[in-house]
Amino acid sequence: MPKKSNPKNNLPPAYNPKETEEKIYQTWEKSGFFNPDKLPKPRKKSFCITMAPPNVTGSLHMGHALEYTISDVLIRQKRMAGFLTLWLPGTDHAGIATQNAVEKTLRKENISRHDLGKEKFIKKIWEWKEQYGNIITNQLKKLGVSADWTRSRFTMDQEYTEAVRAAFLHYHKKGWIYEGERTINWCTRCRTSLSDLEIEHREEHGKFYYIKYGPLTLGTARPETKLGDTALAVNPKDKRYKQLVGKEISIQSVDSSVPRENPPKLKEIKIKVVGDEAADPNFGTGVIKVTPAHDLTDFEIYQRHPEIPIVKVIGENGRMNENAGVRYEGLNVVEARKQIVHDMEQLGLMEKIEDYTHNLALCYRCGSVIEPLLSKQWFLKMGALAQKAAEAVLKGKTKFHPKKWEKVYLNWLKNIKDWTISRQIWWGHKIPLEGVDDVLDTWFSSALWPFATLGWPKKTKDLQKFYPTDVITNDRGIINLWDTRMIFSGLEFMNKEPFKTVLVHATILTKEGQRMSKSLGTGIDPINLINSYGTDATRFGIVWQAMGGQDIRWSEEHVNAGRKFANKIWNAARFVLIQLPLDLKPSGKPKPKTAADKKILKELAEVTKKVTQKIEGCEFGPALHDIYDFFWHSFCDKYIESAKIQMVDKTKSADTEKILFYILAESLKLIHPFMPFVTEEIWKHLPSNNKKLLLVEKWPK
RNA sequence: GGGCGUUUAGCUCAGUGGUAGAGCGUCUCGUUUACACCGAGAAGGCCGUAGGUUCAAUCCCUACAACGCCCACCA
């Protein structure tokens, strides 16, 4: 006999995420439980993640969605497991990136930042920041992110700025920050220096020119820098040139004082030959020209041979300057190259030209060609800091997950150079010294994130409770840019590594294996997925594919599968609720009576253990597969079908009801970190559970 | 140049030293007290190639190939 539907417990026949999600999120926010201070007590152990702050340059992409979903899974599970749980959110001012984004919008109105002036331009960026910061926050909420918004930080808010200042002055006092004129990476479009990590490489097919230098011939890909040559270098062990080392030789060269309108003329110049290991006897002719002002290697040769003069021939605008001579002055690099090649050919100085493939250095923010040039910049000494950072990982104080990234991390630290920390842009933290207009590399402030967000340099309660934090989650692309620098900063300022685990998540690619990118039009907007499938389904689809550190070739079917699963949970709950008597009181683990009862309880115990272990081990995809499999195939397909028969038998029906309820309730807890909305909504309808949110229910053991 | 990763069903991916699995898709049957966003079942795989270790290899080892990523001053 079919039971009468329990009128108090009836749910609509299908789960509707649109109607549910916003309301549920508001309930959570109102509860205050995202804030550890308001969580039910007692909670002895803390668990803290400082959120990798999204840039204020745009909206969220799939990488964010993955990153924040798996962080949220961790946070929700720990919160339920009784930890004093804090997920601290924020945004990053993202120096060059944001400045460029705002400049781009101005360009549409045909205005440059110089037209506006510094003050007005910075005001414009702040307006932009307000607007995009809010968009991002709202998108994170849509994703279900259970972060403590009351503690939200921005890398340029007042207190954070104090932290940056304190950190800089600390290093300065130690003598680790110095100003120096060195050859650095320069973006001629952004008009700023960049660190080694802020350049990208692209293969380019170019030419390789063999130029006559008096008795010698040498190869170069950049003949225009010849105008800044101040020496030649050969390997001291190279027998061919041994006798030349330390001597000055006379060579015929182009007379750059002849105006471009006139035919080129020869001029005799004298140039010194030095012996240096950087010259490889087996490459080209074994002779290299030394242009210290425009080549990083050549600058290092200069450092080993300080008697070599330096002549800067390319300006910060990327054009040849007065030192290049009237013949070339004002030409950009490409034009100058064309001109000088032409001139040398005319004068018989060009021996031959070959095809050549090499890697071109590009700005990681705007894609323009990087021009190495001599410039006065501020540097932070890396020696002691790099060593600290390496030790943290070597001693196992900080662990990477997956472990393979430790090698990448250590390898970079081994070959590290001093960090160029000054930038010539307008948007950023001003260097806190008199008479300097430069701002700091945006990563200088990001490096302080795990403790500056908790109140450093003040000695706050939050720092005491939550530092060191537990996990940081990010893309592999910023292991060196960010993780390394947070680790040595944490050790330097807090004497403790900032987190125990670096969780390097997968990269989401298109189904074809391409990088998702806005400009290529290959990106997917997670908000669109949420709008068509619901947040739980989107989170499900993402986590379902997050099987390990492997890249994910995105396939949307899994989001659809998530939508179906949400509905399956909903309907299983409907079925159970229809069966339940109105006065049922949840009373712990029920005793099994039948073989089916025993089996399902045993399987629940197993899946509980597996899911817990897998979440703790950062195996989110496998954890979700397990609970999915249990709930759908063991509980719905098998047990509910058995229960339908058992319910008819009056000697068994009461016990069966209890088991149905118990399995459902425990499953909802296990599913909640992955699919928080649908589980919370159902939880509201369960009898005698009206007071507590699933959000803070006790995680099953 | 150095390092790393991937290669399993039509697609996206799990997995194990001993008869190969999931989701989606396809096909057949099914309106039974939740759910057709469902149920029962089926088809579909020399587990990249070639060697080796082993009683036994998709799994361990070696080489190769394809694709992808990171690092690097080769002018």
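Convention: sequence-line order gives letters A, B, ...; per-chain numbering from 1.
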Ring centre gap for A:Tyr210 and A:Phe208 strictly below 6.0 Å: yes
Heavy-atom side-chain proximity of A:Ile310 to A:Thr183 below 4.5 angstrom: no
Looking only at side-chain N and O atoms, does A:Gln545 come under 4.0 Å of OP1 or OP2 in B:rU12? no
Between A:Glu606 and A:Lys610, is there a salt bridge with N-O shorter than 4.0 Å? no
With respect to the side chain of A:Asn567, which nucleotide from B:rU12, B:rC35, B:rA14 is positioned closest? B:rC35
Name the nucleic acid region contacted by A:Ala572, choosing base, sugar-phosphate or nothing; use a 4.0 angstrom heavy-atom cut-off, strictly under. base
Choosing from B:rA34, B:rC38, B:rU12, which nucleotide comes nearest the side chain of A:Ser555? B:rU12
Would you indicate what A:Tyr15 reaches in the nucleic acid, counting non-hydrogen atoms under 4.0 angstrom: base, sugar-phosphate, or nothing? nothing
Compare the minimum distances between each of B:rG23, B:rC37, B:rG5 and the side chain of A:Arg563, then state the nucleotide with the smallest one. B:rC37
Closer to the 5' end of RNA chain B via nearest nucleotide, is it A:Met547 or A:Arg515? A:Met547
Under 4.0 angstrom, heavy atoms only, what part of the nucleic acid is A:Ala278 near: base, sugar-phosphate, or nothing? base
Using the C1' atoms only, state how far B:rA43 lies from B:rC69, rounded to an integer number of Å. 38 Å
Determine the interatomic distance between P on B:rC73 and the same-named atom on B:rG2; round to the nearest Å. 16 Å
Can a side chain N or O of A:His633 be found less than 4.0 Å away from OP1 or OP2 on B:rG23? yes
Has A:Lys226 got its NZ or CZ under 6.0 Å from the middle of the six-membered ring of A:Tyr213, at an angle within 45 degrees of the ring axis? yes
Counting side-chain heavy atoms from CB outward, which of B:rC4, B:rA40, B:rA72 is closest to A:Lys404? B:rC4
Report the residue (A:Ala566 or A:Ala221) whose heavy-atom-nearest nucleotide on RNA chain B is the more 5′ of the two. A:Ala566
Base, sugar-phosphate, or nothing for A:His558, non-hydrogen atoms under 4.0 angstrom? base
Do A:Arg563's NZ or CZ and the ring of A:Phe540 fall within the cation-pi criteria of under 6.0 Å and 45°? no
Any idea which of B:rA75, B:rG5, B:rA34 is nearest the A:Glu641 side chain? B:rA34
A:Trp632 side chain near B:rG39 phosphate (N/O to OP1/OP2, under 4.0 Å): yes
Scan A:Ala279 against the nucleic acid and name what it touches under 4.0 Å (heavy atoms): base, sugar-phosphate only, or nothing. base
Please determine, for the side chain of A:Arg476, which listed nucleotide (B:rG39, B:rC69, B:rA75) has the closest atom? B:rC69
Just call it for A:Gly219: base, sugar-phosphate, or nothing, with non-hydrogen atoms closer than 4.0 Å on any strand. base
For B:rG39 and B:rA22, measure between their P atoms and round to the nearest Å. 14 Å
Among B:rG23, B:rU33, B:rC71, the one nearest any side-chain atom of A:Tyr628 is B:rG23
Does the side chain of A:Gln377 pick up a donor-acceptor pair with the side chain of A:Thr420 at under 3.5 Å? no
Does A:Lys564 get its side chain close enough to the base of B:rA36, under 3.5 Å, for a donor-acceptor pair? no
Using a heavy-atom cut-off of under 4.0 Å over every strand shown, decide if A:Gly286 touches base, sugar-phosphate, or nothing. base
Compare the minimum distances between each of B:rA75, B:rA34, B:rG23 and the side chain of A:Trp544, then state the nucleotide with the smallest one. B:rG23
Rounding to an integer number of angstrom, what distance separates B:rC59 and B:rG17 when you compare their C1' atoms? 7 Å
A:Trp419 six-ring centre to A:Arg485 NZ/CZ under 6.0 Å and within 45° of normal: yes
Write down the distance separating the C1' atoms in B:rG45 and B:rG21, rounded off to the nearest Å. 11 Å
Integer angstrom distance from the C1' of B:rC24 to that of B:rG44: 14 Å
Taking only side-chain nitrogens and oxygens of A:Lys644, does any of them come within less than 4.0 Å of OP1 or OP2 of B:rU32? no
Ignoring the backbone of A:Val408, work out which of B:rG23, B:rC70, B:rU12 is nearest its side chain. B:rC70
Under 4.0 Å, heavy atoms only, any strand: does A:Tyr356 hit a base, just the sugar-phosphate, or nothing? sugar-phosphate
Report yes if a side-chain nitrogen or oxygen of A:Lys568 is closer than 4.0 Å to either non-bridging phosphate oxygen (OP1 or OP2) of B:rG39; otherwise report no. yes
Go through the side-chain N and O atoms of A:Thr594 and A:Gln646 and say whether any donor and acceptor fall under 3.5 Å apart. yes
Closest to side chain of A:Cys636, choosing from B:rA34, B:rA14, B:rA75: B:rA34
Distance between C1' atoms of B:rC47 and B:rC70 (Å, rounded): 28 Å
Considering every strand and a 4.0 Å limit on heavy-atom distances, what is the contact class for A:Lys511: base, sugar-phosphate, or nothing? sugar-phosphate
Say we look at B:rG51 and B:rA57: how far apart would their P atoms be, to the nearest angstrom? 13 Å
Once you apply a heavy-atom cut-off of 4.0 Å, does A:Asp637 come out as touching a base, just sugar-phosphate, or nothing? sugar-phosphate
